[in-house]
2 protein chains.
Amino acid sequence: MAPLGTQTVPARARHTVTSEAVLDAALTLFAVRGYHGTAVSQVAETLGIRTPSLYNHMRSKRELLETIIERTLDGVEADFEEAVRGVSDPVERLRRATRIYALRQATHRREALVVNRDTRSLEEPALSTLQARRRNQEHALRAVIVDGIRSGAFTVESPELASFAIREMCVSIARWFRADGARSAEQVADEYSAFALQIVGASRG
Amino acid sequence: MAPLGTQTVPARARHTVTSEAVLDAALTLFAVRGYHGTAVSQVAETLGIRTPSLYNHMRSKRELLETIIERTLDGVEADFEEAVRGVSDPVERLRRATRIYALRQATHRREALVVNRDTRSLEEPALSTLQARRRNQEHALRAVIVDGIRSGAFTVESPELASFAIREMCVSIARWFRADGARSAEQVADEYSAFALQIVGASRG
DNA sequence: CCTACCGATCGGTAGG
DNA sequence: CCTACCGATCGGTAGG
């Protein structure tokens with residue numbers, strides 16, 4: 001996996017730790033080592049403080065994971081709504097929805113990795129709530145495909161399989177994308193949205 | 001995620017634990033909870049024995065993960081070689097390679113989940129060795145795509161992006177597939193291999 | 001296969 | 001923000 005820019009906090013920051021800084025440090029560590037593979041003491045070490053001091057800025061390790069995943073799902077949802085708002089052509093709706101989703105995987109790699117790998121590490125009641133939100137987002141993409149099939153724009157047999165395939169191929173971007181690599185996030189997002197249209201059998205556009 | 005058939009060991013098996021049974025129990029638990037989320041004591045409990053007794057059948061927790069991943073990569077490699085052996089047409093090579101890979105994700109869900117999620121939890125020297133093997137497998141698929149582009153059979157711009165997308169969309173099958181679901185593993189594998197051909201811009205077949 | 005037990009580390013609290 | 005410390009659990013060993 002490409003490097004994720006682990007936090008190295010400047011000395012002066014040691015006296016200005018905030019709850020946002022704790023979340024950011026946790027995000028980097030969870031993305032690299034996984035939730036269960038990360039110790040709270042490592043988060044503290046990243047920030048240059050002792051473990052007990054962390055608890056002035058957070059309630060628990062599990063709350064960190066919940067907040068990270070919740071915020072990420074908020075962002076994905078907002079992205080989707082904005083991307084398809086006012087667009088009625090199914091081809092264009094799918095292109096835009098896939099493009100923005102793929103783009104997010106490249107620009108928010110840590111979040112993508114954590115959501116994908118550790119959502120199941122949540123505990124109730126957050127587990128049910130957030131899993132349901134992920135399902136709803138998947139169903140929203142599927143609905144776009146169903147619309148396209150009804151209108152004759154898409155020819156794919158199973159919208160369910162197609163939407164799974166499209167989502168997961170996008171998620172994988174977070175595993176290899178590098179901001180300093182050969183392709184920009186936008187270029188990758190464009191290519192992946194073209195893949196999506198091909199998967200559903202849209203006329204080549 | 002669909003249920004993974006957690007081991008419930010019959011009472012009479014309690015006296016016939018083997019190293020294979022330990023691996024199988026660990027495989028189920030790692031797939032559900034992740035490597036770091038699984039305690040060795042849970043493996044023992046699944047088998048109906050005490051934790052120290054496990055060590056008559058294994059050397060360490062990390063060796064369990066190494067063996068699981070190593071064997072899975074062996075299987076993937078053998079599958080690929082067999083699928084493309086003697087086939088020269090790039091379209092058919094890609095179809096077969098994708099089909100057998102997709103099929104494996106459906107029929108070996110636990111293995112797929114563990115390799116995908118926990119390869120990075122390995123420690124050296126296994127980490128480097130097994131990551132290199134995964135990379136080689138990815139390159140083998142990419143080479144099929146490159147051949148198809150050279151011969152004019154495929155039109156995709158980037159074989160790198162296409163092979164990533166194809167691999168990852170297949171891996172996701174392990175997350176939702178159910179043997180008692182609406183589609184058989186073979187049907188899913190056929191649909192996904194069609195998706196792969198569409199991604200690379202092969203003539204619809 | 002077991003009981004008994006090891007040092008290390010876990011997430012988190014008390015109290016200042 | 002810290003030191004001191006908590007009970008629980010971790011992977012693993014000794015010895016039978």
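In what follows, chains are A, B, ... by sequence order, proteins preceding strands, each numbered from 1.
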Length of the NZ-P vector between A/K61 and D/dA8, whole Å: 19 Å

Within 6.0 Å of CD in A/E77, more than 12 heavy atoms from elsewhere: yes

Whichever of A/N56 and A/P52 has the more 5' nearest nucleotide on DNA chain C, that residue is A/P52

Does the Lys NZ or Arg CZ of B/R99 fall within the cation-pi geometry relative to B/Y192 - under 6.0 Å from the ring centre and within 45° of the axis? no

Output the rounded distance in Å from CD (B/E63) to P (D/dG11). 15 Å

Between atom CZ in B/R33 and atom P in D/dT9, what is the gap in whole Å? 14 Å

To the side chain of A/H57, which of D/dT3, D/dT13, D/dC1 is closest? D/dC1

Any idea which of D/dG12, C/dC2, C/dG12 is nearest the B/Y55 side chain? D/dG12

Taking only the side-chain heavy atoms of B/I49 (C-beta and beyond), determine which of C/dC1, C/dG12, C/dG11 contains the nearest atom. C/dC1

Could you tell me if A/R33 and A/T38 have a donor-acceptor pair between their side chains, going purely by distance under 3.5 Å? no

Separation of D/dG11 atom P from B/E45 atom CD, nearest Å, is 13 Å

Give none if D/dG15 has no partner; otherwise give the nucleotide forming a Watson-Crick or G-U wobble pair with it, both distances under 3.5 Å. C/dC2

What heavy-atom pair brings B/T98 and B/S193 nearest, and what distance separates the two atoms? CG2-CA, 3.8 Å

Minimum heavy-atom separation for A/I199 to B/M169, with atom names? CD1-SD, 4.2 Å

CG of A/L47 versus C1' of D/dC2: gap in Å, rounded? 16 Å

Separation of A/L54 atom CG from C/dG11 atom P, in whole Å? 10 Å

Regarding A/H36, tell me which of base, sugar-phosphate or nothing describes its non-hydrogen contacts under 4.0 Å with the strands shown. nothing

Closest to the B/T51 side chain, choosing from C/dG11, C/dC2, D/dG12: D/dG12

Does B/S41 make a side-chain N or O approach to OP1 or OP2 of D/dC10 shorter than 4.0 Å? yes

Taking the side chain of A/R50 as its heavy atoms from C-beta onward, which of D/dC1, C/dG12, D/dC2 lies nearest to it? D/dC2

